[in-house]
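I have placed the structure first, in the form of structure tokens, so that the comments after it can refer back to it.
Naming convention: chains lettered A, B, ... in sequence-line order (proteins, then strands); numbering from 1 in each chain.
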Amino acid sequence: MPQTKPMVSVENVVASADVMQKMDLNDITRKFPDVEYHPDSFPGLVFRLKTPKTATLIFTSGKMVCTGSKSEELAKKAVKTVVQDLRKGGIKVKKNAVVTIQNIVASINLGGKIHLEQAARTLPRSMYEPEQFPGLIHRMVDPKTVILLFSSGKLVCTGAKHEEDVYRSVNNLHALLEEKELMIYD
Amino acid sequence: RLRTWDSRSQVHEPVDRNFRQAFSELDRLKDKLAVGDSVIEKAAYIYRKALEKGLVRGRSISALIASALYAACRDTETPRTLKDIGQASNIKRKDIARCYRLLLRELNLKMPVVDPVKCISRIASKAGLSEKTKRKATKILQTAEEQKISAGKDPMGLAAAALYVACVTNGENKTQRDVAEAAGVTEVTIRNRYKGLKVALNL
DNA sequence: GCTTTAAAAAGTAACTT
DNA sequence: AAGTTACTTTAAAAAGC
């Protein structure tokens, strides 16, 4: 059975947020010189934080998208910090943001190599096209996530809404790989 | 030939016009890529399935035809790269790749994994290599117990590296650049694959 | 479908030095 | 030939073309 417990590390969390009020992006641009706002190419304003190291997109509707956090909690903290900074800078923001986690990306190391070509033939809902990408793309149904498998035994799991989904996805896949004898331990 | 189309062409509707365009395009690509009628017929079959599934809505018909042809090549193990089809159809490689993935997902197609051995002949003829070298390269790839070193690697890079090694052992005067150019990969890739091959073959 | 953000995996490509 | 940077794939939201 698994000689090694999978090493999981959350690499990026994407969260949407809403302060439920119209925002004047040009005003924010005037008061925050380090902000990026190019309405001709994209309607969102980019507000970067050093800690947590994130990038938050702010739209005129008051809706936001925060990316780059290493955990669900840090994503929420980042949005709070952005709103606080806006207020300190003189931007009126009445309500606190309602945050929703939209996607979690994690990297995993199974601790053993994977027989990719065999996996490509036996794993359902999988695609392996080394001419296009070195990893095998597997779509898991429950939880609904997508996992990229590499011959090194490392994985990337994305599409999860909760950190628990990442662990369930990895455990499901790991068990499946061992059941079908697709794992190669030293 | 092209009975796949003829058998359905009796219904004269907009769909009919779509098929005619698809077939004239496939016939044009057939000559440019030098693939057989069976590949074209398979491409037509896949394209028709895509039409029936409504995958053409809001999408480029040309890109869908080109990706159906790529899928047919893959299914029949006819060695043609996305780059080959992109050049023949004047459609960006990235667009063909995206449509191809869509076809796999929506039509539930399962393709065999590309066998680098099947890529040897095309590279060898483009580079003007001997039959002996081709045979040697085939043995090299087979002896390299594939699976262990080829996972995740571009099949054309693996085949090119094997051919380069075969040239050296057979004393055929071809540079890495010659082989790389014929295979459509860089010399750096041939060198990197060569390293793995060297270990696998105890060279 | 595109535009923008972030991040990992491993391979390949394109420049510099 | 080594190094660096950058692009390939995956997911997801935002507003608008």
Side-chain angles (χ1 to χ4, degrees), chain A residues 8-18 23 25 36-49 52-70 74-75 78 99-110 114 116 126-140 143-161 165-166 169, chain B residues 57-60 63 82-83 93-95 97-99 101-102 150-158 160 176 180 183-193 195-196:
Chain A
V8 181
S9 135
V10 173
E11 305 287 353
N12 183 28
V13 173
V14 179
S16 59
D18 193 355
M23 300 294 279
L25 303 187
E36 287 176 39
Y37 182 43
H38 307 290
D40 286 337
S41 61
F42 190 70
L45 175 154
V46 184
F47 194 107
R48 293 169 198 283
L49 281 185
K53 183 172 176 286
T54 53
T56 298
L57 304 179
I58 303 175
F59 299 85
T60 57
S61 63
K63 290 190 176 182
M64 313 176 170
V65 172
C66 175
T67 63
S69 297
K70 295 297 185 186
L74 283 175
V99 182
T100 306
I101 302 300
Q102 299 289 355
N103 184 29
I104 295 176
V105 181
S107 60
I108 299 93
N109 189 341
L110 292 183
I114 300 171
L116 267 201
S126 67
M127 181 172 52
Y128 173 53
E129 297 286 331
E131 182 193 341
Q132 300 177 52
F133 189 70
L136 160 16
I137 302 164
H138 178 256
R139 288 165 197 282
M140 186 164 288
K144 186 176 178 296
T145 56
V146 171
I147 301 178
L148 308 183
L149 297 79
F150 299 86
S151 64
S152 63
K154 292 186 177 182
L155 319 169
V156 169
C157 175
T158 185
K161 297 279 191 193
D165 291 345
V166 173
S169 296
Chain B
R57 294 179 186 175
R59 251 178 277 268
S60 158
L82 285 169
K83 185 188 270 182
R93 191 197 111 119
K94 188 174 182 176
D95 291 336
R98 187 193 300 129
C99 277
R101 279 181 241 123
L102 178 91
S150 64
K153 275 84 167 183
D154 179 355
M156 288 298 272
L158 285 165
Q176 288 187 359
V185 299
T186 64
E187 295 163 72
V188 178
T189 294
I190 288 187
R191 273 176 230 130
N192 288 337
R193 291 309 119 242
K195 290 175 191 168

Both A:Val14 and B:Leu102 contact DNA chain C. Which one's nearest nucleotide lies toward the 5' end? B:Leu102
Closest nucleotide of DNA chain C for B:Lys94 versus for A:Arg48: which of these residues is on the 5' side?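 It is B:Lys94 whose nearest nucleotide is closer to the 5' end.
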Heavy atoms only, 4.0 Å cut-off, all strands: where does [X] land among base, sugar-phosphate and nothing?
X	result
A:Ser152	sugar-phosphate
A:Gly44	nothing
B:Val188	nothing
A:Ser61	sugar-phosphate
B:Arg93	nothing
B:Arg193	sugar-phosphate
A:Gly153	nothing

Could you tell me whether A:Glu36 and A:Arg48 have a side-chain N and a carboxylate O separated by less than 4.0 Å?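 Yes, this pair counts.
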Respond yes when some side-chain nitrogen or oxygen of [X] is under 4.0 Å from OP1 or OP2 of [N], and no when none is.
X	N	answer
A:Arg139	D:dA11	yes
B:Thr186	C:dA13	yes
B:Thr189	C:dA13	yes
A:Lys70	C:dA6	no

Can you identify which nucleotide, out of [options], has its nearest atom closest to the [X] side chain?
X	options	result
A:Lys154	C:dA9, C:dT5, D:dA14	C:dA9
A:Thr67	C:dT5, C:dT3, D:dT9	C:dT5
B:Val185	D:dA14, C:dA13, D:dA11	C:dA13
B:Lys153	C:dG11, D:dT10, C:dT4	C:dG11
A:Gln102	C:dA8, D:dA12, C:dA10	D:dA12
A:Val156	C:dA6, C:dA8, D:dA14	C:dA8
B:Arg101	C:dA9, D:dT10, D:dA14	D:dT10

Could you check whether the side chain of A:Thr158 and the base of D:dA11 have a donor-acceptor pair of N or O atoms closer than 3.5 Å, going by distance alone? yes
Complement of D:dA11, any strand, by Watson-Crick or G-U distances under 3.5 angstrom: none
Base paired to C:dC2 (Watson-Crick or G-U; both N/O distances under 3.5 angstrom):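 Partner of C:dC2: D:dG16.
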Go through B:Arg101 and A:Met127 one step at a time and tell me if the side chain to side chain contact (heavy atoms under 4.5 Å, CB included) criterion holds. CA-CA 8 Å; B:Arg101 279 181 241 123; A:Met127 181 172 52; 3.5 Å; yes
State, with a plain yes or no, whether a side-chain heavy atom of A:Arg139 is found less than 4.5 Å away from one of A:Lys144. no
Once you round it to whole Å, what is the distance between [atom2] of [N] and [atom1] of [X]?
X	N	atom1	atom2	answer
A:Asp165	D:dA12	CG	C1'	14 Å
A:Gln132	C:dA13	CD	C1'	16 Å
A:Ile147	C:dA9	CD1	C1'	13 Å
A:Lys144	D:dT10	NZ	P	13 Å
A:Asn12	C:dT4	CG	C1'	14 Å
A:Glu11	C:dA10	CD	P	12 Å
A:Leu45	D:dA14	CG	C1'	13 Å
A:Leu148	D:dA11	CG	P	9 Å

Show, in sequence, the C-alpha distance, side-chain angles and deciding distance for A:Val156 and A:Ile108, and conclude whether the side chain to side chain contact (heavy atoms under 4.5 Å, CB included) test is met. CA-CA 6 Å; A:Val156 169; A:Ile108 299 93; over 6 Å; no
Run the side chain to side chain donor-acceptor pair (under 3.5 Å) check on A:Thr100 and A:Gln102 step by step: do they pass? CA-CA 6 Å; A:Thr100 306; A:Gln102 299 289 355; 4.9 Å; no
A:Met127 or A:Ser16: which one's nearest nucleotide on DNA chain D is closer to the 5' end?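 The answer here is A:Met127.
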A:Thr54 vs A:Ser69, side chain to side chain donor-acceptor pair (under 3.5 Å): CA-CA, chis, key distance, verdict: CA-CA 6 Å; A:Thr54 53; A:Ser69 297; 5.3 Å; no
Please round to the nearest 0.5 Å and tell me the distance separating atom CZ of A:Phe133 and atom CG of A:Leu148.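 A:Phe133 CZ to A:Leu148 CG: 5.5 Å, rounded to 0.5 Å.
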What distance, rounded to whole Å, do you find between the two C1' atoms, one in D:dG3 and one in C:dA6? 25 Å
